[in-house]
Amino acid sequence: MGAHEIEPWYFSPYPVEFSDADMVFVCEFCLSYFAEEKSFSRHRAKCQLFHPPGNEIYRDQDISFFEIDGRRQRTWCRNLCLLSKLFLDHKTLYYDVDPFLFYCMTYRDAYGHHLVGYFSKEKESAEGYNVACILTLPQYQRKGYGQLIIAFSYELSRREGKLGSPEKPLSDLGLLGYRAYWQRTIVDLLMGDNGEPRKEANVEELGALSAMTTNDVLHTLQNLNMLRYSVCLFSFFTHIYYACSAQHYCRC
Ligand code: ACO
Ligand code: ZN
């Protein structure tokens, strides 16, 4: 794929004639796949696509995000799902892409917009998920792109006026990536704008500011060991304290 030779991690249901191929050649722009280098080269010579087939909705220098509708670009999105299944163990979406939008992150050079990673999102999620599948292609992993892709998914939720959470179950890598993002986001919010730690914080407020669900905020605070549970003497409700330095704060 492009300049990269990538070892797949898991099974993906490419057509049966590919099962004997030593190498699968994937066009990095239209994501078509070929079992023979000759037919791949022929395709590359005439392929007209230089970016994902959707609207470019964000650009910062050489990084862009494209929004692609699964119903309008069925073949491209199916090709993307086949490709990403090679690196996802537990997701089963390859065929019915119509109910999803795909947000693809690319970096641009003289040749075009190269796919780095993406997330898919249900157009209507009954459970309030803001991400169905998320992937950074292996050749771009551990460079911080995953954090940017996750941040983008939350920015969309914020603009929709909703709180979001990724579809469960998360993979091991998904959990590591999300935990890193959640912790960084919550700690940044607790530090406040002027670098002075906030003395008081409210879980709902942290959720609204980050577009994270209250549940994810609570779990993150728990992982950071920042929650103290106590029964307040002035009311019979259990209050959540968060510990900053040595002091505990109660909101009532
Ligand atoms: N080992 C340990 N920690 C890791 C690893 C790893 N292999 N990968 C990511 N992390 C953690 C680290 O804390 C890392 O920060 P650091 O590099 O500063 O230590 C942090 O996550 C962020 O890493 P990024 O570089 O931003 O993440 P990346 O671009 O690699 O993408 C992702 C993360 C998308 C989960 C990637 O690993 C991936 O595509 N995995 C395969 C597909 C997958 O499992 N997707 C999630 C499925 S769940 C779902 O779809 C809802
Ligand atoms: Zn092509």
Could you tell me whether the side chain of C104 reaches within less than 4.5 Å of the side chain of L80, counting heavy atoms only? yes
Could you name each residue pair satisfying salt bridge (charged side-chain N to carboxylate O under 4.0 Å, His left out) that touches residues 10-29, not counting sequence neighbours? none
For residues T214 and E204, determine if any side-chain heavy atom of one lies less than 4.5 Å from a side-chain heavy atom of the other. yes
So does K123 pair up with D69, basic N to acidic O under 4.0 Å? yes
Give a yes or no on this: more than 12 heavy atoms of other residues, nucleotides or ligands lie within 6.0 Å of atom CG of D172. no
In the structure I gave you, are the side-chain heavy atoms of F25 and Y33 within less than 4.5 Å of one another anywhere? no
Is it the case that atom CD in E36 sees more than 12 heavy atoms from other parts of the structure closer than 6.0 Å? no
Between the side chains of S64 and E56, does any donor sit under 3.5 Å from an acceptor? yes
Evaluate the side-chain proximity of Y118 to S84: yes if any heavy-atom separation is below 4.5 Å, no if none is. yes
Rounded to the nearest 0.5 Å, what separation is found between the CG atom of L83 and the CG atom of N79? 8.5 Å
Do L137 and V24 share a hydrophobic cluster, counting only Ile, Leu, Val, Met, Phe, Trp and Tyr and linking them when any side-chain heavy atoms are less than 4.5 Å apart? yes
Work out which heavy atom in Y10 is nearest to a heavy atom in F87; give both atom names and the distance. CD1-C, 3.6 Å
Which atom of S157 lies closest to which atom of G164, heavy atoms considered: OG-CA, 4.2 Å
If you take the centroid of each ring, where Trp contributes its six-membered ring, are F65 and Y103 closer together than 6.0 Å? no
With sequence neighbours left out, which residue pairs that include part of residues 185-218 fulfil the ring pair (Phe, Tyr, Trp, His ring centres under 6.0 Å) condition? none
Test of understanding: clusters of I, L, V, M, F, W, Y form through side-chain heavy atoms closer than 4.5 Å, transitively. Do I68 and I149 belong to the same one? yes
Applying side-chain contact (heavy atoms from CB on, under 4.5 Å), run through L88 and C133 and close with a yes or a no. CA-CA 9 Å; L88 278 159; C133 272; 4.0 Å; yes
Are any non-hydrogen side-chain atoms of M23 and E5 less than 4.5 angstrom apart? yes
Looking at every non-hydrogen atom in both residues, tell me the closest pair between T136 and Y145 and how far apart they are. CG2-CB, 4.3 Å
Any side-chain heavy-atom pair of Y111 and F50 under 4.5 Å: no
In Å, rounded to the nearest 0.5 Å, how long is the span from CG of L148 to CD of E155? 11.0 Å
Quick one: do F18 and F40 end up in the same hydrophobic cluster if we chain Ile, Leu, Val, Met, Phe, Trp and Tyr together by side-chain heavy atoms under 4.5 Å apart? no
For K38, I'd like to know if atom NZ has over 12 heavy atoms of other residues, nucleotides or ligands within 6.0 Å. no
Looking at I150, is its backbone amide N or carbonyl O close enough to the side chain of S153 to form a donor-acceptor pair, meaning the two atoms are under 3.5 Å apart? yes
What distance do Q139 atom CD and H114 atom NE2 have between them, rounded to the nearest 0.5 Å? 11.5 Å
Walk me through whether N130 and L163 qualify under side-chain contact (heavy atoms from CB on, under 4.5 Å). CA-CA 8 Å; N130 64 352; L163 304 181; over 6 Å; no
Nearest atoms (heavy-atom pairs only) where F119 meets V131: CD1-CG2, 3.7 Å
Cluster check I6, F34: I/L/V/M/F/W/Y, side chain < 4.5 angstrom: no
The reported gap from CG in L189 to CE in M212 (rounded to nearest 0.5 angstrom) is 8.5 Å
Do you know which of N215, L170, T213 makes side-chain contact (heavy atoms from CB on, under 4.5 Å) with S165? T213
Does the side chain of C27 come within less than 4.5 Å of H43's, by heavy atoms? yes
Report the C-alpha distance between V97 and C81 in whole Å, list the side-chain angles of each, state the deciding distance to 0.1 Å, and finish with yes or no for side-chain contact (heavy atoms from CB on, under 4.5 Å). CA-CA 9 Å; V97 292; C81 291; 3.9 Å; yes
Using a strict cut-off of less than 4.0 Å between a Lys/Arg side-chain nitrogen and an Asp/Glu carboxylate oxygen, indicate whether R198 and E205 qualify as a salt bridge. yes
Could you grab the distance from atom CG of L173 to atom CZ of R142, nearest 0.5 Å is fine? 9.0 Å
Do W9 and P138 come within less than 4.5 Å of each other through their side chains, counting heavy atoms only? yes
So, the side chain of N55 versus the backbone of I57: is there a donor-acceptor pair under 3.5 Å, distance only? no
S210 to Y154 - nearest heavy-atom pair and separation: O-CD2, 3.8 Å
Does K121 come within less than 4.0 Å of E160, counting only side-chain N to carboxylate O? yes
For a ring-ring contact (aromatic ring centres under 6.0 Å, His included) with H51, tell me which candidate from W76, F66, F29, Y107 qualifies. F66
Tell me if a side-chain donor or acceptor on S12 pairs with a main-chain N or O of L82 at a distance below 3.5 Å. yes
Whether W182 and Y178 hold their rings parallel, tilted or perpendicular, with breakpoints at 30° and 60°: tilted
Here the pair of heavy atoms bringing A180 nearest to Q147 is C-OE1, 3.6 Å
Y129/K168 under side-chain contact (heavy atoms from CB on, under 4.5 Å): CA gap, chis, key distance, verdict: CA-CA 9 Å; Y129 294 137; K168 313 297 177 305; 4.1 Å; yes
Within a 6.0 Å radius of atom CD on Q61, are there more than 12 heavy atoms belonging to other residues, nucleotides or ligands? no
Nearest 0.5 Å, what's the CG-CG distance between D98 and L101? 11.0 Å
